[in-house]
S.K.: 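The structure under discussion is supplied below as structure tokens; questions concerning it will follow.
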There are 2 protein chains.
Amino acid sequence: MSRVLSGNGYAAAAVRERVLAAVRRIGYVPDANARTLRNRSSRSIGVLISDLRDPFYADLAAGVEQELRTAGYHMVLVNDNGQAHEEMRAVTEFLAMRVPGVILTPVSARAVKTLHQQGIRVVQADRRVSRRYGDAVLGANEAGAEMVTRHLLDLGHRRIGLVIDETRWTSGAGRLAGYHAAHQAAGVPADERLIARNAGFDPEAAGKATGRLLDEHPDLTAVFAANNVLAQGALQEIQRRGVAVPRQLSLAAYDDVPWMSMVRPSITTVSQHSVELGRRSARVLLDRLAEGDPDRGTTVLNLEPELVVRSSTAPPTRNPR
Amino acid sequence: MSRVLSGNGYAAAAVRERVLAAVRRIGYVPDANARTLRNRSSRSIGVLISDLRDPFYADLAAGVEQELRTAGYHMVLVNDNGQAHEEMRAVTEFLAMRVPGVILTPVSARAVKTLHQQGIRVVQADRRVSRRYGDAVLGANEAGAEMVTRHLLDLGHRRIGLVIDETRWTSGAGRLAGYHAAHQAAGVPADERLIARNAGFDPEAAGKATGRLLDEHPDLTAVFAANNVLAQGALQEIQRRGVAVPRQLSLAAYDDVPWMSMVRPSITTVSQHSVELGRRSARVLLDRLAEGDPDRGTTVLNLEPELVVRSSTAPPTRNPR
DNA sequence: CTGTTAGCGCCTTCAT
DNA sequence: ATGAAGGCGCTAACAG
């Protein structure tokens with residue numbers, strides 16, 4: 001049959017014309033499922049993130065999608081809400097679809113391992129739960145957190161609160177390490193009591209955690225909120241209490257999202273270039289798919305974050321909080 | 001073969017056990033492509049939006065995804081950046097995938113028509129370009145815009161600028177109509193020169209358009225920005241000029257995104273409940289898929305928006321702008 | 001009750 | 001240079 005035409009092969013000009021005309025007339029498009037079945041290779045890539053409503057993840061996904069689309073792939077996007085069982089459910093679905101690759105902000109190592117063992121290329125984005133399996137594209141969390149913390153120390157702050165949600169993933173662990181590293185380098189002892197761990201995953205919880213920290217440590221002169229959601233909660237609590245930023249308290253964040261440059265004072269933060277993080281993740285995956293089957297090594301990219309100094313950080317003053 | 005086990009059918013307990021054990025051991029998952037080919041029905045739904053980085057669309061997509069996932073479907077998400085040719089490209093891909101349905105924030109009627117003619121269920125979300133084909137889940141744009149405009153008129157404003165990007169889609173057209181309707185109802189003549197049309201699709205362009213409006217009409221006492229991106233640009237320009245809100249100028253927006261409640265003053269706006277808009281779009285599609293093939297009528301939902309009065313709107317004062 | 005078979009649409013190979 | 005056939009993995013129907 002003249003199906004050969006649609007791709008490559010030999011055909012008489014007359015026949016070709018006739019077939020193409022018919023194709024156009026009825027709007028025929030080859031069945032991708034049949035093609036996948038036959039070729040044992042799909043153009044769908046599984047993408048698994050924590051929360052599409054968080055602009056950090058939305059930007060990441062947007063970067064991934066852009067790059068995939070350009071390369072002729074498409075993105076099957078699943079939100080796992082940071083829950084391991086939702087993540088595994090999605091993994092199973094990706095396996096069923098026989099996707100050639102998956103990009104995910106991983107929750108459990110099991111998800112990554114399962115995919116890898118089924119021969120699916122995996123890119124861990126933003127954080128890494130498995131050192132054994134899959135490539136990774138990460139932000140340099142320790143370097144980033146060290147930068148902001150040093151910025152605060154350089155301004156003269158000595159009592160710096162840290163609001164952080166979790167420290168088991170590489171992202172949180174790195175930021176915590178950076179906070180410590182900067183103190184160490186400056187010869188300033190880090191006070192563990194100034195670290196509000198498990199500050200929660202929504203602004204309300206983060207606000208409460210920030211409030212507790214401020215209550216228990218009136219000598220705090222600065223707060224570093226370790227991601228955009230935490231920063232939102234922290235700022236809301238600070239505004240609610242009528243604490244003046246940066247006069248009474250400096251505030252620094254991680255992740256640069258639009259509101260941080262819109263509020264007054266604008267927020268000093270560390271930009272992770274989240275869209276680029278997504279683009280690079282996709283690139284790593286696409287490169288991996290392009291190369292043959294050999295498992296030669298593991299690619300791990302660490303994208304350098306950038307300190308964006310704005311108006312929410314200033315030298316400490318005598319502050320009657 | 002005992003594949004029947006995986007679904008329904010009869011099988012001896014012993015055989016079943018053995019098969020299930022093997023399945024678990026090698027981690028076998030049935031091939032969704034083969035299943036789709038055989039059953040001529042896929043569990044993938046195409047979702048086509050303008051811009052994942054715009055929180056309005058991100059929320060919409062999040063709502064869609066949540067509902068689809070709950071129902072056992074998954075979302076193939078494509079960004080068309082508002083470009084008709086990207087939209088058609090995605091439509092072709094969805095056709096190739098033999099998706100049973102597509103949810104899109106449409107750009108061109110051709111996309112909707114093509115899908116419909118190929119027997120694919122279509123839900124137009126947020127705006128409608130085709131009255132003939134496909135269901136639609138929309139915000140009541142005219143009602144929403146009339147609410148904010150009336151709010152401003154009630155406060156005593158008589159010279160209200162409108163910053164809007166386009167008025168050909170139902171969303172823009174509705175908001176423009178609401179602006180006019182409120183003036184009409186209040187017996188206040190609407191001045192066409194106060195309407196900045198084609199204000200652009202990014203904050204920078206919107207800021208410039210707002211600036212021009214302010215320059216040309218020093219008697220403006222309020223500005224209504226017809227979506228969140230326009231509002232961002234308008235606010236940035238207003239801040240840049242050091243114009244005091246709401247003392248010198250009231251600002252109202254459309255779409256409620258997080259920064260609007262974080263900036264000071266917080267922004268009066270119309271919430272479209274964008275996540276719900278997505279959820280309902282998915283529900284309409286799923287219901288349509290559940291019912292048989294008959295084309296009985298067209299479902300059009302108009303979700304009522306909500307006026308959220310905050311601090312950026314106040315009665316006009318003598319304003320030395 | 002269980003094993004076999006046909007065919008979904010595509011693409012590659014082989015035969016004309 | 002073109003037509004025919006087989007098989008990817010699945011499931012519904014049928015034969016045993």
S.K.: For A:Arg35 and C:dG9, what is the distance between atoms CZ and C1' respectively, to the nearest whole Å?
M.R.: 10 Å

S.K.: What are the two closest heavy atoms between B:Phe94 and B:Val47, and how far apart are they?
M.R.: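 Result for this residue pair: CZ-N, 3.7 Å.
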
S.K.: In whole Å, what is the span from the CG atom of B:Leu95 to the P atom of C:dC10?
M.R.: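 From B:Leu95 CG to C:dC10 P: 13 Å.
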
S.K.: Taking only side-chain nitrogens and oxygens of B:Arg40, does any of them come within less than 4.0 Å of OP1 or OP2 of D:dT11?
M.R.: no

S.K.: Test of understanding: with salt bridge (charged side-chain N to carboxylate O under 4.0 Å, His left out), list the residues that count as partners of A:Glu67, not counting sequence neighbours.
M.R.: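 Listed in chain order: A:Arg283.
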
S.K.: Please determine whether side chain to side chain donor-acceptor pair (under 3.5 Å) holds for the pair A:Glu86 and A:Asn81, giving the CA-CA distance in whole Å, both sets of side-chain angles, and the decisive distance to 0.1 Å.
M.R.: CA-CA 8 Å; A:Glu86 286 286 358; A:Asn81 298 114; over 6 Å; no

S.K.: Do B:Gln118 and A:Val29 have side-chain heavy atoms sitting under 4.5 Å apart?
M.R.: no

S.K.: Expressed as a whole number of angstroms, how long is the span from B:Leu37:CG to C:dC11:P?
M.R.: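 In whole Å, C:dC11 P lies 12 Å from B:Leu37 CG.
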
S.K.: Would you kindly give the CZ-to-C1' distance between B:Arg98 and C:dC8, to the nearest whole Å?
M.R.: 11 Å

S.K.: Mind calculating the distance between CG (B:Asn33) and P (D:dC10) to the nearest angstrom?
M.R.: 10 Å

S.K.: Work out how much the helix from C:dC1-D:dG16 to C:dT16-D:dA1 bends between its end axes, five pairs an end, to the nearest 10 degrees.
M.R.: 60°

S.K.: Is it the case that the side chain of A:Asn39 and the backbone of A:Ser41 share a donor-acceptor pair, with hydrogens and angles ignored and the cut-off at 3.5 Å?
M.R.: no

S.K.: Measure from CD1 on B:Ile26 to P on D:dG9 and round the result to the nearest Å.
M.R.: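 Whole-Å distance recorded here is 12 Å.
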
S.K.: Mind listing the side-chain donor-acceptor pairs of residues 102-111 of chain B below 3.5 Å, one per line with the distance, residues two or more places apart or on another chain?
M.R.:
{"residue": "B:Thr105", "atom": "OG1", "partner": "B:Ser50", "partner atom": "N", "Å": "3.4"}
{"residue": "B:Ser108", "atom": "OG", "partner": "B:Glu87", "partner atom": "OE1", "Å": "3.2"}
{"residue": "B:Ser108", "atom": "OG", "partner": "B:Ala111", "partner atom": "N", "Å": "3.4"}

S.K.: Using whole Å, what does the distance between atom P of nucleotide C:dC8 and atom CE of B:Met97 come to?
M.R.: 22 Å

S.K.: Could a donor-acceptor pair under 3.5 angstrom be found where the side chain of A:Arg38 meets the base of D:dC8?
M.R.: no

